[in-house]
2 protein chains.
Amino acid sequence: MGVSTADGPTARFDAFVASCPSRRLLETIGDKWASLVIVALGLEGRMRYSELSARIAGVSQKMLTQTLRGLERDGLLTRTVTPSVPVRVDYELTPLGLSLIETLRHLKEWAEAHMAEVDRAREEYDRKNDSAGRS
Amino acid sequence: MGVSTADGPTARFDAFVASCPSRRLLETIGDKWASLVIVALGLEGRMRYSELSARIAGVSQKMLTQTLRGLERDGLLTRTVTPSVPVRVDYELTPLGLSLIETLRHLKEWAEAHMAEVDRAREEYDRKNDSAGRS
DNA sequence: CTGGATCCCCCCCGATACTG
DNA sequence: CAGTATCGGGGGGGATCCAG
């Protein structure tokens, strides 16, 4: 709140309001671990907590759990507890989560097509600012 | 380091390595202000620093400058200084930056089509955990 | 007008220890 | 096996002042 005092003619394009769907989506999948969890589940189908933990190298228990809770809350995946000993918990994408994978593929395609350009731009930019510097 | 000791058969899918293009792209556009700058420039074409500052409500000078530098480094936009008094600086998307807008549109489309579902899922999730809570 | 420099707070996140 | 609770460091990012 505070960004847009009125919902009327003040907001010309909604992309700049916090409630804009696109921005909220970016906050979700822009999350480092969230997208990895989604991709992993998209590839493997259904995974246990320990499988996810092993698959996504570098994630801590805390972040994995936190990420899974968030995605479950968003309705992107389901959490299934099998009350055995020891407990078994499985995670699986919902149809909603599966549909998101299509979108992630578009991102992947752009990245694979253009990230090399980004690399070159970075090298050039860094080279200019490392040696010659400013002014 | 430590994530992938070997580049050989250890890494089965590159999406989980930090150098994966998709992940790097997500780090870029997942940045709160970066995507807003890109969208703004995509709509308006060419904008001055002050125009961007006014257009993207809530961004601080520091973050705006920092974001612009990052995007310039990535080759997504150009920075043009007109040495008048006072100085005038214009920002404009490069062809590379323009191509990224197409990708952002896919995100937008998914968001507009499905974010309502996410909202419903959240409400339901919160309602269940606010009242009944945990066992 | 554009933005660099500095201070500083907050929150994210990793590490560790403990529970069912 | 699958978490929760807690502590603490580090960095993101806002506010402010200053420079070109």
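Each chain gets a letter, A, B and so on, in the order its sequence line appears, and its residues count up from 1.
Partners of B:Arg120 under the side-chain hydrogen bond (donor to acceptor under 3.5 Å, both in side chains) rule, at least two apart in sequence or in another chain, do not exist in this structure. Listed by chain and residue number, A:His114 satisfy the side-chain hydrogen bond (donor to acceptor under 3.5 Å, both in side chains) test with A:Glu117 (two or more places apart in sequence, or in another chain). Partners of B:Glu102 under the salt bridge (charged side-chain N to carboxylate O under 4.0 Å, His left out) rule, at least two apart in sequence or in another chain, are B:Arg105. Taking B:Ser99 as the reference, A:Trp110 meet the side-chain hydrogen bond (donor to acceptor under 3.5 Å, both in side chains) condition, with sequence neighbours excluded. In terms of the side-chain hydrogen bond (donor to acceptor under 3.5 Å, both in side chains) criterion, residue partners of B:Arg46 (sequence neighbours excluded) are, by chain and number, B:Glu92.
Applying the ring pair (Phe, Tyr, Trp, His ring centres under 6.0 Å) rule to pairs touching residues 45-71 of chain A yields nothing, sequence neighbours excluded. Judged as a ring pair (Phe, Tyr, Trp, His ring centres under 6.0 Å), the pairs with a partner in residues 64-109 of chain B (not counting sequence neighbours) are, in order, A:His106-B:His106. Residue pairs meeting the salt bridge (Lys or Arg N to Asp or Glu O under 4.0 Å) criterion with at least one partner in residues 75-88 of chain B, sequence neighbours excluded, are B:Arg88-B:Asp90.
Using a 4.0 Å cut-off on heavy atoms, the residues of residues 69-80 of chain B that approach DNA chain C are B:Arg69, B:Arg79, listed by number.
Considering only side-chain N and O atoms, A:Tyr49 lies nowhere under 4.0 angstrom from the phosphate OP1 or OP2 of D:dT4. B:Arg48 has a side-chain polar atom (N or O) that falls below the 4.0 Å cut-off from OP1 or OP2 of C:dT2. Distances shown here put a side-chain N or O of A:Ser50 below 4.0 Å from the OP1 or OP2 atom of D:dA2.
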Under a 4.0 Å heavy-atom criterion, the protein footprint on nucleotides 15-20 of chain D, written with B, S and -, is B-B---
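If one axis is set at each end of the helix from C:dC1-D:dG20 to C:dG20-D:dC1 from five pairs, those axes are 40° apart, to 10°.
In this structure, CE of A:Met63 is placed 7 Å from C1' of C:dC12, rounded to the nearest angstrom.
Of all non-hydrogen atoms in B:Glu51 and B:Met47, the two that sit nearest each other are OE1-CA, 3.2 Å.
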Only pairs under 3.5 Å count here: list side-chain donor-acceptor contacts from residues 27-41 of chain B, not counting sequence neighbours, and write none if there are none.
{"unit_1": "B:Thr28", "atom_1": "OG1", "unit_2": "B:Arg24", "atom_2": "O", "d": "3.1"}

